[in-house]
Amino acid sequence: MDAFTSFFQGQPSSRNRWNYDSLKNFRQISPVVQNHLKQVYLSLCCALVASAVGVYLHLLWNIGGFLTTLACMGSILWLNMTPLYEEKKKVGLLMAAALFEGASIGPLIDLAIEIDPSILISAFVGTAIAFGCFSAAAMLARRREYLYLGGLLSSGLSMLLWLHFASSIFGGSAAIFKFELYFGLLLFVGYMVVDTQEIIERAHLGDLDYVKHALTLFTDFAAVFVRILIIMLKNASEKEEKKKKRRN
């Protein structure tokens with residue numbers, strides 16, 4: 001009982017120190033790593049612009065589909081096999097992968113524009129806020145604090161892939177689809193935190209491949225954005241169906 005009492009008595013003082021202690025954690029990130037993170041996030045912003053161009057190209061010429069998905073995967077594999085000293089080539093492959101990724105999700109975005117363009121904006125803003133908050137949490141936390149979650153997230157991702165594979169063969173249901181959607185969103189939000197800390201840790205160990213690290217964060221951002229957009233579209237369609245039933 002005394003232990004519980006001392007714990008709760010210590011909480012207000014720890015909350016008062018939170019801001020200062022959290023800001024001090026930035027000192028754990030060396031100037032070299034800070035510069036590396038600037039390059040990573042600048043490359044991520046450029047990749048998001050390239051992805052938006054890919055979406056625009058799909059809206060113009062309807063190019064998004066299976067081929068652009070294969071091209072995106074090929075660009076990612078090529079980027080990972082490219083040596084670090086070929087920096088311009090790696091940046092070009094990152095932009096190509098982002099462009100093909102944007103074209104691949106173009107049909108989903110086209111559907112969102114037809115239903116309600118504000119859903120698209122809300123999904124992007126929501127993803128950007130979530131990404132910023134969880135990335136900041138990973139930077140403010142102690143080094144390696146969240147890296148242990150990587151194993152749990154990998155297990156969850158493996159389970160999600162097997163579930164998707166089984167449902168595609170034996171047939172799925174609305175409940176399974178909803179579980180895949182929300183569980184996948186939870187997984188990739190977790191990956192935002194873990195990948196950010198892993199990038200920082202790798203940079204401290206001398207891995208300064210900012211293009212590869214930007215690709216990692218871009219895939220997390222895209223995965224979360226797609227799931228948030230699908231959830232919002234699903235909710236909008238359900239509301240529309242309810243309105244039609246009331247009218248009838």
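These numbers come from a predicted model, not from an experiment.
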Smallest separation among heavy atoms of [X] and [Y], with atom names:
X      : Y      : answer
Thr127 : Phe225 : OG1-CA, 3.3 Å
Leu147 : Gln197 : N-OE1, 3.7 Å
Ala214 : Ser43  : CB-CB, 3.6 Å
His36  : Ile199 : NE2-CG2, 4.1 Å
Thr216 : Thr219 : O-OG1, 2.6 Å

Quick check for you: to the nearest 0.5 Å, what is the distance between [X] atom [atom1] and [Y] atom [atom2]?
X      : Y      : atom1 : atom2 : value
Leu153 : Phe188 : CG    : CZ    : 9.5 Å
Leu93  : Leu77  : CG    : CG    : 10.5 Å
Ile63  : Thr68  : CD1   : OG1   : 7.0 Å

### Message
Membership question, hydrophobic clusters at under 4.5 Å side-chain separation (ILVMFWY): are Ile129 and Leu120 in the same one?
### Response
no
### Query
Would Tyr191 and Phe221 count as a close aromatic pair, with their ring centres under 6.0 Å?
no
### Query
Under the criterion salt bridge (charged side-chain N to carboxylate O under 4.0 Å, His left out), which of Lys90, Lys88, Lys89 is the partner of Glu86?
Lys89
### Task
Answer whether the closest heavy-atom distance between the side chains of Ile230 and Phe177 falls below 4.5 Å.
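Yes, their side chains come closer than 4.5 Å.
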### Task
May I ask you to decide whether Lys234 forms a salt bridge with Glu238, counting only side-chain N to carboxylate O separations under 4.0 Å?
yes
### Message
Show, in sequence, the C-alpha distance, side-chain angles and deciding distance for Arg202 and Glu198, and conclude whether the salt bridge (charged side-chain N to carboxylate O under 4.0 Å, His left out) test is met.
### Response
CA-CA 6 Å; Arg202 286 180 178 273; Glu198 186 175 356; 3.2 Å; yes
